[in-house]
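Below you'll find the structure, written out as structure tokens, and then a few comments.
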2 protein chains.
Amino acid sequence: MSQLRYPHLMATDRDSVLEAAVGILSRRPTAHLDEIARAAGISRATLHRIFPGREALILEVGALGLRRFSAALDTARVEEGNAEAALRRLVDAVVPDAALCAFLAGENQLYDHEEINDLWELQDARVRALFLRGQQEGVFRVELSAAWLSEAFFDLVAGIGWAVQEGRLAPRESAFSLAELFLGGALRRSDTP
Amino acid sequence: MSQLRYPHLMATDRDSVLEAAVGILSRRPTAHLDEIARAAGISRATLHRIFPGREALILEVGALGLRRFSAALDTARVEEGNAEAALRRLVDAVVPDAALCAFLAGENQLYDHEEINDLWELQDARVRALFLRGQQEGVFRVELSAAWLSEAFFDLVAGIGWAVQEGRLAPRESAFSLAELFLGGALRRSDTP
DNA sequence: AAATAATGAGACATGAATGTCTCAGTTGCG
DNA sequence: CGCAACTGAGACATTCATGTCTCATTATTT
């Protein structure tokens, strides 16, 4: 196989196909391989040469999403400093891959794959830990469980991904909109703490 | 057909099947009809007798979701009184049907059906109008667009539906968690306005 | 209790998406 | 220039969900 020959080039090639696939799959998870191949600018035959089949493709999309999300957590250094600042850094880091996260959130078929599941659990735990830490530091509200804060955060990231992809939200506004709504809520306040 | 014979009984029967279908479809939109039939406690043959086919079933699930959501908007009287109070009423009214809304949010296949699309647009406009009114009244933040507030609200409703369905959130906490996070955000505040 | 209707189980055909193959055209590299 | 690898287009078989049908069983009504 060629990926053994040109590992680096092949990796970016695979990733570019995967990103094209996300663009289609995040909207319609049942899209035909034909459509995905066309979106990636390659033929169905080549798509099959890169990924053994649909299942493998979906799996790799999930793996890519988790890699990106993991990298975003690293970039944002979520374990360091003030919890609110850490979350804002996470928002900035994750917004570019929001579409990928939207796919992850909606695709529960991946959850019977052990390796993917473990990796997801790992990243999810990091996010939950961030909220728990923030609650202990008195930064985040304690009336809302850390699990729900984490869940809601993912939901809104996915929502950002969908909204941007369908042109309902300007990409430049996305990070601000996500951070402000999630952290500050919808209510107007006279004094900003 | 029997629905002509016992219109009322048949309606509730249909709805109960549809609700069972939502339980499966909101998680896995590609679930086989076999699985849906078993979840509804009927055979695949009977499922076919009630709904001509998969497409018809999906369509009716969407229509049910929109009926419920429309009814929730009516029940909450979203056009009346203080916008914040109206939204809190809406949360209470919509939470019982959160799973249905989660399906609606994720199912973009319905959007090429004119009747469904129009009905959806109507309800969506009511929600947007609520946020716009709230902004004009000085209740909701103006830095976030009404469109995004509406989008985010749907995302969180869907998230509530998923979380409850998968046991990650207690049903009794769901309305509180949704309203508090959406309205107040994740940040702890010294004074509650 | 008899008759009628509804249901469930299963067989069967159909169609669509997938997986596999071949071959001609293209690109890239020596 | 020539060779090797890669790609795209298409044909083909296969698989599987769907749609349709029949028949025995159950329930419902009269």
Side-chain angles (χ1 to χ4, degrees), chain A residues 1-62 103 106-110 112-113, chain B residues 1-62 103 106-110 112-113:
Chain A
M1 300 294 261
S2 47
Q3 54 262 43
L4 296 174
R5 223 174 278 272
Y6 307 101
H8 175 61
L9 286 178
M10 208 51 196
T12 60
D13 190 44
R14 286 167 66 91
D15 283 10
S16 74
V17 172
L18 289 175
E19 290 199 61
V22 168
I24 304 292
L25 288 171
S26 68
R27 290 184 189 256
R28 222 160 3 93
T30 66
H32 309 324
L33 294 183
D34 230 339
E35 197 175 350
I36 297 172
R38 265 186 287 118
I42 61 178
S43 69
R44 197 168 66 94
T46 303
L47 183 63
H48 264 282
R49 286 184 188 110
I50 303 178
F51 304 103
R54 183 190 187 81
E55 194 182 3
L57 175 66
I58 302 274
L59 203 70
E60 297 242 26
V61 172
F103 172 81
E107 198 68 6
N108 300 55
Q109 292 180 329
L110 299 170
D112 55 0
H113 192 273
Chain B
M1 300 291 261
S2 47
Q3 54 262 44
L4 296 173
R5 224 174 277 272
Y6 308 101
H8 175 60
L9 285 178
M10 207 52 195
T12 60
D13 189 42
R14 286 166 66 90
D15 283 11
S16 74
V17 172
L18 288 175
E19 290 200 60
V22 168
I24 304 292
L25 288 171
S26 68
R27 304 252 301 142
R28 217 155 13 89
T30 67
H32 308 322
L33 293 182
D34 227 338
E35 197 175 348
I36 297 172
R38 265 185 286 119
I42 62 179
S43 69
R44 196 166 67 94
T46 302
L47 183 62
H48 266 282
R49 287 186 187 107
I50 303 178
F51 304 102
R54 183 190 187 81
E55 195 181 2
L57 174 66
I58 302 275
L59 204 70
E60 297 242 27
V61 172
F103 173 81
E107 198 68 6
N108 301 54
Q109 292 180 329
L110 299 170
D112 55 1
H113 193 272

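Chain letters run A, B, ... following the sequence lines, proteins first, then strands; residues in each count from 1.
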B:D13 side, atom CG; B:L18 side, atom CG - distance, nearest 0.5 Å
9.5 Å

Any non-hydrogen side-chain atom of A:F103 less than 4.5 Å from a side-chain atom of A:I58?
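SC-SC contact between A:F103 and A:I58 confirmed.
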
Show which side-chain atoms of residues 31-39 of chain A pair as donor or acceptor with protein atoms under 3.5 Å away, not counting sequence neighbours.
unit_1, atom_1, unit_2, atom_2, d
A:E35, OE1, A:R28, NH2, 3.4
A:E35, OE2, A:R28, NH2, 2.7

Protein-nucleotide distance ([X], atom [atom1]; [N], atom [atom2]), rounded to Å:
{"X": "B:L47", "N": "C:dA6", "atom1": "CG", "atom2": "P", "answer": "17 Å"}
{"X": "A:H48", "N": "C:dG19", "atom1": "NE2", "atom2": "P", "answer": "5 Å"}
{"X": "B:I50", "N": "C:dT7", "atom1": "CD1", "atom2": "P", "answer": "7 Å"}

Could you write out each protein N or O paired with an N or O of nucleotides 9-15 of chain D at a distance under 3.5 Å?
none

Just to verify, what does [X] make a side-chain hydrogen bond (donor to acceptor under 3.5 Å, both in side chains) with, not counting sequence neighbours?
{"X": "B:E55", "result": "none"}
{"X": "B:E107", "result": "none"}
{"X": "B:R27", "result": "B:E166"}

For residues 17-26 of chain B, pull every pair meeting salt bridge (charged side-chain N to carboxylate O under 4.0 Å, His left out), keeping only residues two or more places apart or in separate chains.
B:E19-B:R68

Let's see if you get this right: which residues in residues 51-60 of chain A place a heavy atom under 4.0 Å from DNA chain C?
A:G53, A:R54

Would you work out how much the helix from C:dA1-D:dT30 to C:dG30-D:dC1 bends between its ends, with each end axis defined by five base pairs, to 10 degrees?
30°

Which residues in residues 26-37 of chain B have at least one heavy atom lying under 4.0 Å from any atom of DNA chain D?
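The stretch gives B:H32, B:L33 as the residues lying under 4.0 Å from the strand, ordered by number.
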
Grab the two heavy atoms, one from [X] and one from [Y], that are nearest each other, plus how far apart they are.
{"X": "B:A40", "Y": "B:A20", "value": "CA-CB, 3.6 Å"}
{"X": "B:G23", "Y": "B:S26", "value": "O-OG, 3.9 Å"}
{"X": "B:R54", "Y": "B:L25", "value": "NH2-CD2, 4.2 Å"}

All side-chain contact (heavy atoms from CB on, under 4.5 Å) counterparts of B:T46, not counting sequence neighbours
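So B:T46 forms a side-chain contact (heavy atoms from CB on, under 4.5 Å) with B:I42, B:S43, B:R49, B:I50.
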
